[in-house]
Amino acid sequence: MNNFFLYSGIFLCLLMALSLYRALVGPTVLDRLIGVNAIGSKTTALLILIGILYERVDMFVDIALAYATLNFIAVLAASRYFQKKKGLYDERQR
Amino acid sequence: MLLSIIGNSIVIILVLVGLLFFAGGAVGILRFPDFYSRLHPAGKLDTMGVSMTMIAMAVYSLLHGFTLTALLTSLKIMLIVVFIFITSPTATHAIVDAGVRAGLAPWAKEDSGEEAP
Amino acid sequence: MKKDQATQRRDDSPRSSPSDDSASRSKHPIVPFILTFGISFATWLVLSGKFDLFHLALGVICCLLVAYFSADLMFYSHRPKGLSGQWFQFVKYVPWLLGQVLIANWHVMKLVFHPNMLEKIDPKIITFRSRLRNDMSLFILANSITLTPGTITVYVNTFGKYTVHVIDRKSGEGLPGEMEKRVAQILEPERYE
């Protein structure tokens, strides 16, 4: 069972690398924001997996809760900030 | 013994389905043409993946022995699921609102170009 | 916080809403107070995990304060006596919503892994009018639309005008229909009798 969780965690890390591609090359700022948000929600699940692997779920679940909150607030703040700036152009056209 | 086998298989199936949803979200973010349509897999397939995996782990932490700590841990995990179910649409809406206010044009097909606003 | 998010209006919308809110905030009905206290105290118990007298007393004090300040934020109702019926309807609504979310998730999964996906999708922004008037039910319908894959609420105004981004024709077809009816059953059933 531990092996299963270990491989699930590795698979999640691979998926996070895929989302990181969008966060690195996304044409607009909001595309990068989407990539970062996707990485954040995968991290929440990954933290619980790590907790099961180290057999300290009771500790890691608090970290995961804080991380979910932080991810949500970061996305809200960033999108509120960038909608005030009128600089959301498609970066490929420059 | 039988209970643990059934519980473990439920956990494995839920985690696999959750990972499938996660994979759909990641591939969808890469493949879709513009950022409005990228939000569809990003916001919601990820939500589904998180809730599936989290429910699986809540079941798993109960399987090890029905103590008060395990019960509190799985309740906390369910709290994260509820939290994500409420906040994820809000975050998606915030991003799409930022895009609309900044005036990004949605991608549309060429043959139906006149229907696009 | 959540209500503020959902009912945040566009720039051109009327600005009379704060006065409405402050008018309904002056009275403190007892049932929303008790419900808010119960929910926040249950959250306290789950998060703290300590059951000695000191922590329980701290929790009771904090939850009383929170319930006093924000009882009218969570249970936004013009008809306080229908509150328990509302919650029963809401509990019936959640499993239906989860079923819809599962079906629609499967649909988007098929789209994502489809080999020539660019021909299958047809992103479009559509608008429709809803007959709901209550702020809370507008918020629930908007969040339900966003949670159902294939559709994202772009914005809502107080008069029930929804602007929705749909990803293909099939997702947008059933939009104002059954979901609106079920949300209306929760909060304003008199409109659908």
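Every chain is numbered from 1 and lettered A, B, ... according to where its sequence line falls, protein lines coming before strand lines.
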Peer 1: Before you tell me yes or no, could you show the steps for A:C13 and A:I10 under side-chain contact (heavy atoms from CB on, under 4.5 Å), namely the whole-Å CA-CA distance, both residues' side-chain angles and the distance that decides it to 0.1 Å?
Peer 2: CA-CA 5 Å; A:C13 288; A:I10 292 174; 5.6 Å; no
Peer 1: Between A:D62 and chain B, with a heavy-atom cut-off of 4.5 Å, which part of the residue counts as in contact: side chain, backbone, both or neither?
Peer 2: side chain
Peer 1: Output the option from B:L30, B:V27, B:T53 having the highest count of non-hydrogen pairs under 4.5 Å with chain A.
Peer 2: B:L30
Peer 1: Less than 4.5 Å apart, any side-chain heavy atom of A:K42 and any of B:V50?
Peer 2: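 Not touching, per the 4.5 Å side-chain cut-off.
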Peer 1: For chain A, which residues from residues 4-13 of chain B lie under 4.5 Å away (heavy-atom distances)?
Peer 2: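 Hits under 4.5 Å: B:N8, B:V11, B:I12.
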Peer 1: Any side-chain heavy-atom pair from A:L49 and A:S8 closer than 4.5 angstrom?
Peer 2: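 Yes, their side chains come closer than 4.5 Å.
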Peer 1: Could you tell me which non-hydrogen atom of A:S41 sits nearest to which non-hydrogen atom of A:A38, and how far apart they are?
Peer 2: OG-O, 3.0 Å
Peer 1: Quick check, are the ring centers of B:F22 and A:F11 under 6.0 angstrom apart?
Peer 2: no
Peer 1: So for A:L15, is it side chain, backbone, both, or neither that comes closer than 4.5 Å to the heavy atoms of chain B?
Peer 2: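 It is both, since atoms from each part get that close.
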Peer 1: Are side-chain heavy atoms of A:R32 and A:V25 found at a separation under 4.5 Å?
Peer 2: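 Side-chain contact under 4.5 Å: no.
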Peer 1: Under 4.5 Å heavy-atom distance to chain A, tell me which part of B:F83 shows up: side chain, backbone, both or neither.
Peer 2: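 For B:F83, the contact with chain A is made by the side chain alone.
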Peer 1: Tell me, for A:V75 versus chain B, whether the close heavy atoms (under 4.5 Å) come from the side chain, the backbone, both or neither.
Peer 2: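 For A:V75, side-chain heavy atoms alone lie under 4.5 Å from chain B.
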Peer 1: Between A:N37, A:L33, A:T69, which has the largest tally of heavy atom pairs under 4.5 Å with chain B?
Peer 2: A:T69
Peer 1: Say you draw a straight line from OG1 of A:T43 to CD1 of A:I48; how long is it, rounded to the nearest 0.5 Å?
Peer 2: 12.0 Å
Peer 1: Can a salt bridge be assigned to the pair A:R56 and A:D58 using a cut-off of 4.0 Å between side-chain N and carboxylate O?
Peer 2: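 Between A:D58 and A:R56 there is a salt bridge, with a charged N closer than 4.0 Å to a carboxylate O.
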Peer 1: Salt bridge check: are A:D31 and A:R22 linked by an N-O gap of less than 4.0 Å?
Peer 2: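 Between A:R22 and A:D31 there is no salt bridge, as every charged N stays at least 4.0 Å from the carboxylate O atoms.
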Peer 1: When heavy-atom pairs shorter than 4.5 Å are enumerated against chain A, which of B:A23, B:S61, B:A70 gives the highest number?
Peer 2: B:A23
